Amino acid sequence: MDFHLTLPGGRELALGALPGVMAILNVTPDSFSDGGKFAEAAAAIAHGKALIAAGADVLDVGGESTRPGAVGVSAEVELKRVLPVIEGLRGAGAVLSIDTQKAAVAEAALKAGAQVVNDVGGLRDEAMIDVIARTGATACVMHMLGTPQTMQQDPRYGDVGAEVLDALEASLRRAEAKGVPRERLWVDPGIGFGKTLEHNVALLQRLGDLRLLGCPVVAGVSRKTFIGALTRREVPADRVIGSTAAASIIAAQGGVDLVRAHDVAQTREALAVADALR
Ligand code: HH2
């Protein structure tokens, strides 16, 4: 099925039978996998261009790590990291998204050229919904149990699939109540955000259920801890095959529209072969 992701200004990100790739660009010193590699603007911009050349549809620029236990940074620090990178990559060939939980960061990034706000907080902050409503931006609404500081301390659910679905529906309704139409919202189950290995597996096995929400579905599995647990790979950069050749493919077959990935070329290749053999 062809899927069109509607963007501000009426622009459409048209995806074919294959899911699109949302490439990860962390301008941080401490992200769990690529922390420190692209913390300088020049390095981040060069990496962003390489990700576009490798086939990224969306570049997700982040200035604050949300790995379990991460210490948050101020809006000022986040902006200092992301704004020069967004300005440097505007018009470079991919849709730019800002990965932030802060309304002020989202608003400034949208002004600088981003079109999508990727909020791992799932629009829990009313000020963030106000920014989305006011600017006409698209938002990716991710599910997280608690905060990055607390989320992996014994997360519990009765039925993880149903609870994530209900929580996402509640977030979508809060946005709709403030005038944001569902066509401008994407949903993401938040793999690894307040979930055990079993929760992540259950969510990835039932990704298709999220389509009931009537929005494009995004999933981020890239190099995450659950891949390390299943492959016994301690070092995140060693989890590429588990991420690209297995989890991304299963997610795509489960009906995901955008795969969030560090390894764009490998993800694209795996998706192309899996699609041909379907
Ligand atoms: N995962 C991370 C960050 N943002 N956004 C969405 N929509 N979905 C995800 O699964 C997701 C996300 C965590 O990964 P990463 O950005 O690589 O690491 P860090 O938070 O340490 O910067």
Side-chain angles (χ1 to χ4, degrees), residues 5 19-39 44 47-48 51 56-73 77-78 81-82 85 95-102 105-106 109 114 116-124 128 138-145 147-149 151-152 164 167-168 171 185-195 199-200 203-204 207 210 213 215-228 235-237 239-240 243-244 247-248 251 256-264 267:
L5 306 186
V21 178
M22 181 188 221
I24 300 168
L25 184 52
N26 286 321
V27 195
T28 56
D30 58 342
S31 286
F32 81 93
S33 175
D34 52 2
K37 278 180 82 179
F38 313 111
H47 186 54
L51 292 170
D57 299 287
V58 179
L59 274 188
D60 191 31
V61 182
E64 178 181 65
S65 173
T66 50
R67 72 186 189 286
V71 179
V73 298
V77 168
E78 226 178 302
R81 292 175 180 172
V82 297
V85 176
V95 168
L96 298 177
S97 102
I98 173 70
D99 185 353
T100 187
Q101 296 187 74
K102 298 188 186 75
V105 174
V116 178
V117 177
N118 175 27
D119 180 8
V120 300
L123 304 182
R124 63 183 70 176
M128 183 65 101
T138 293
C140 179
V141 183
M142 200 199 78
H143 177 271
M144 169 165 61
L145 189 69
T147 65
Q149 290 72 44
M151 64 190 183
Q152 290 308 107
V164 167
L168 287 171
S171 294
L185 299 170
W186 306 348
V187 291
D188 184 324
I191 298 299
F193 285 81
K195 280 106 187 170
H199 296 144
N200 290 319
L203 285 168
L204 287 167
L207 271 176
L210 294 181
L213 297 169
C215 303
V217 178
V218 181
V221 295
S222 194
R223 304 185 184 180
K224 286 191 174 172
T225 302
F226 85 98
I227 305 270
V235 179
R239 300 173 186 160
V240 179
S243 306
T244 59
S248 293
V256 132
D257 299 289
L258 270 178
V259 177
R260 189 175 179 278
H262 297 89
D263 306 289
V264 172
T267 303

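Keep in mind that this is a model prediction, so the values were computed, not measured. Just so you know, ligand 1 is whichever comes first in the structure, and atom 1 is the first atom listed for that ligand. Below, all heavy atoms of this structure are taken into account, side chains as well, without hydrogens, waters or symmetry copies.
Taking the six-membered ring for Trp and thresholds of 30 and 60 degrees, Phe32 and His262 have ring planes more than 60 degrees apart, a perpendicular arrangement.
Residue-level proximity to ligand 1 for Thr66 is carried by backbone and side chain together, each with a heavy atom below 4.0 angstrom. Neither the backbone nor the side chain of Asp30 has any atom closer than 4.0 Å to an atom of ligand 1 (non-hydrogen atoms only). Heavy atoms of Val218 found under 4.0 angstrom from ligand 1: none, in either backbone or side chain.
The main-chain N or O of Ser243 is found under 3.5 Å from a side-chain atom of Ser248 such that the two form a donor-acceptor pair. Distance alone, capped at 3.5 Å, is enough to place a donor-acceptor pair between the Arg124 side chain and the Met144 backbone. Asp257 places a side-chain N or O within donor-acceptor distance of the main-chain N or O of Val217, the cut-off being under 3.5 Å.
At the shortest separation from atom 6 (C) of ligand 1 among protein heavy atoms lies Asp188 OD2, 3.2 Å. Given atom 21 (O) of ligand 1, the protein heavy atom at minimum distance is Ser65 OG, 2.7 Å. The protein heavy-atom contact nearest to atom 2 (C) of ligand 1 is Arg260 NH1, 3.3 Å. Of the protein's non-hydrogen atoms, the one nearest atom 13 (C) of ligand 1 is Phe193 CZ, 3.8 Å. Protein heavy atom closest to atom 5 (N) of ligand 1, with residue, atom name and distance, is Asn118 ND2, 3.0 Å.
Using a 4.5 Å heavy-atom threshold, the side chains of Leu51 and His47 count as touching. Contact of the Pro189 side chain with the Leu207 side chain is registered, since non-hydrogen atoms from C-beta on lie closer than 4.5 Å. Between Met151 and Thr66 there is no side-chain heavy-atom pair separated by less than 4.5 Å. Residues Val218 and Met142 are not in side-chain contact: their nearest non-hydrogen atoms beyond the backbone lie 4.5 Å or more apart. Contact annotation: the side chain of Arg81 approaches that of Pro29 to within less than 4.5 Å [non-hydrogen atoms, C-beta and beyond].
Residue Phe32 has at least one nitrogen or oxygen atom sitting less than 3.5 Å from a nitrogen or oxygen atom of ligand 1, judged on distance alone. For Asp60, no nitrogen or oxygen atom sits less than 3.5 Å from a nitrogen or oxygen atom of ligand 1, counting backbone and side chain alike.
Contact between Cys140 and ligand 1 is present, with at least one heavy atom of the residue lying under 4.0 Å from the ligand. Using a 4.0 angstrom heavy-atom cutoff, Lys224 counts as in contact with ligand 1. Contact analysis puts His262 in contact with ligand 1, with a non-hydrogen atom separation below 4.0 angstrom.
Against a heavy-atom cut-off of under 4.0 Å, Asn26 is close to the following atoms of ligand 1: 15 (P), 16 (O), 17 (O), 18 (O), 22 (O). Interface atoms of ligand 1 facing Asp99, defined by a heavy-atom separation under 4.0 Å, are 3 (C), 4 (N). Near Arg67, meaning under 4.0 Å from one of its heavy atoms, ligand 1 places the atoms 20 (O), 21 (O). Of all atoms in ligand 1, numbered sequentially from 1 with element shown, those under 4.0 Å from a heavy atom of Val120 are 4 (N), 5 (N), 12 (C). Interface atoms of ligand 1 facing Gly220, defined by a heavy-atom separation under 4.0 Å, are 10 (O). The Ser31 neighbourhood of ligand 1 comprises atoms 19 (P), 21 (O), 22 (O), with distances under 4.0 Å to a heavy atom of that residue.
Salt bridge present: Asp30 and Arg67 bring a charged side-chain N and a carboxylate O closer than 4.0 Å.
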Practice problem: Please report the C-alpha distance between Glu64 and Lys102 in whole Å, then the side-chain angles of each, then the deciding distance to 0.1 Å, and finally whether the side-chain contact (heavy atoms from CB on, under 4.5 Å) criterion is met. | Solution: CA-CA 10 Å; Glu64 178 181 65; Lys102 298 188 186 75; 3.1 Å; yes

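Rounded to the nearest 0.5 angstrom, Lys224 NZ and Lys195 NZ are separated by 8.5 Å.
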